[in-house]
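We name chains A, B, ... by the order of the sequence lines, and we start the count at 1 in each one. It should be emphasised that the depicted structure is a prediction, and the values quoted were computed from it without experimental measurement.
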2 protein chains.
Amino acid sequence: MSVDHVFIVDDDEAIRDALSWLFQSRGVAVKSYDSAEAFLKEWRPGQSGCLLLDIRMSGMSGLDLFDRLRDVSSSLPVIFLTGHGDVPMAVSALKKGAMDFVEKPFNDNELVDRVIEALALSAQRREREADTADIAGRLAALTARERQVMDLVLAGKLNKVIADDLGITMRTVEVHRAHVFEKMGVKTAVELAQLLSNYRL
Amino acid sequence: MSVDHVFIVDDDEAIRDALSWLFQSRGVAVKSYDSAEAFLKEWRPGQSGCLLLDIRMSGMSGLDLFDRLRDVSSSLPVIFLTGHGDVPMAVSALKKGAMDFVEKPFNDNELVDRVIEALALSAQRREREADTADIAGRLAALTARERQVMDLVLAGKLNKVIADDLGITMRTVEVHRAHVFEKMGVKTAVELAQLLSNYRL
DNA sequence: GCCCATTTGTCGGATATCCACAATAGCCCT
DNA sequence: AGGGCTATTGTGGATATCCGACAAATGGGC
């Protein structure tokens, strides 16, 4: 099983070393990068962990990298580190979904706490995404007709009504309905509703 | 129908006047207060609108008022205004759920846009809360036994199994089930599941 | 005593579930 | 072209479940 890493992206070697030492001494695995580009080269969506991101860097800035990650719909929690941040920058980053925005020099213990929080969040998100992907996969296995029937079942309609709506026999509806239940791994319409309600959004 | 107001809380009369003029000229209703205490005296939970809150005030500070509103679980969106804010303060406010954190001097158009966003959010929250309260009310009307039966129904169990679990007759379960459906205003178990899935959390 | 919650019962119709058997159409692969 | 597979649709019948109306007994609280 892959351990969740803290990804450190900072062009200042002294900072990288200090952060690496800090987290490794607390038993948290670390990977360091000296630029946003270097991180992007290794990063694969789906990896979970926590990104510690310096804002001011030569080349791609931390904010640019953040936007890029949002584009690929990464759910990686991001904590910004900055030496010369201002209020509008912090507000903008947080409103865009950053987990935190910390000024250097930072308090070691607080930072570690935030990172551990973020790692927990990331693991939780990953789990949730795995569930969602699982559901999505099962939904994709449904045929178009089965999907239609399922939607009507979830609308609380009776098989007879569904048959009318689709212009087919009740018996056919029953077959589709049974297939939907089988493919989705449930035994009743209520279970199906519960399953989808938790993961549709 | 009550119009959504912008509530301005600032101890600087010049700011209050400027903001009042700004919003009234854009057709947004305004109520001004010269202190957090004055606002709290008039404020009733459930009112929707948007709070424009100065941080530095004599007496109760804006942050104190914000915390107080959170305690009474107010869903009023809050936009902080500040002349001398720093990054940690902004970060803290946003992480606690403030909608925005704006430094003076502010851009009129941007502020108005944010406020209009906030008013929309507030209206949406209010609607959602009304729905939730409605559901909560119906749930409260259920007897203990009906609630038990409902939970088992939502677990996808058959009446026969529910009867076994509760040590009562199937017929009795049917009666409770019918009462639950009637009180919750639904006709099928699936509708019940849909209803609760959207408002339970 | 009255109201309500809880429990139980019967009867019958409407619905849903399950199974066996069967047919048509479209697809991929050989 | 032929064979296999899936999706789709159909029939008939047996069984289980759900639902509504009518009825009634018990116990608690006002």
Ignoring backbone atoms, establish whether [X] has a side-chain N or O less than 4.0 Å from OP1 or OP2 of [N].
X      : N      : value
B/K160 : D/dT17 : yes
B/R177 : D/dT17 : no
B/T169 : C/dT8  : yes
A/T172 : D/dG10 : yes
A/H179 : D/dT8  : no

Taking atom types as modelled and ignoring hydrogens, do the side chains of B/R26 and B/N109 form a donor-acceptor contact shorter than 3.5 angstrom?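 Side-chain D/A pair, B/R26 to B/N109: present.
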Any side-chain donor paired with an acceptor under 3.5 Å for B/S75 and B/R125?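 No, B/R125 and B/S75 have no side-chain donor paired with an acceptor closer than 3.5 Å.
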Are A/R147 and A/D151 ion-paired here, with the side-chain N under 4.0 Å from a carboxylate O?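 Answer for the salt bridge query: yes.
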Choosing from D/dT8, D/dC18, C/dT6, which nucleotide comes nearest the side chain of B/E174?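 Comparing D/dT8, D/dC18, C/dT6 against the side chain of B/E174, the answer is D/dC18.
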With a 4.5 Å cut-off on side-chain heavy atoms, are B/K183 and B/R138 touching?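 Contact flag for B/R138/B/K183 side chains = no.
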Just call it for B/R145: base, sugar-phosphate, or nothing, with non-hydrogen atoms closer than 4.0 Å on any strand.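 Sugar-phosphate, no base atom in range.
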At 4.0 Å (heavy atoms only), tell me whether B/K183 reaches a base, stays on the sugar-phosphate, or touches nothing.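 Contact class for B/K183: none.
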When you match B/V175 and B/A178 each to their closest nucleotide on DNA chain D, which lands nearer the 5' end?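 The answer here is B/A178.
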Residue whose closest nucleotide on DNA chain D lies nearer the 5' end, B/R171 versus B/L158: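 Between the two, 5'-proximity favours B/L158.
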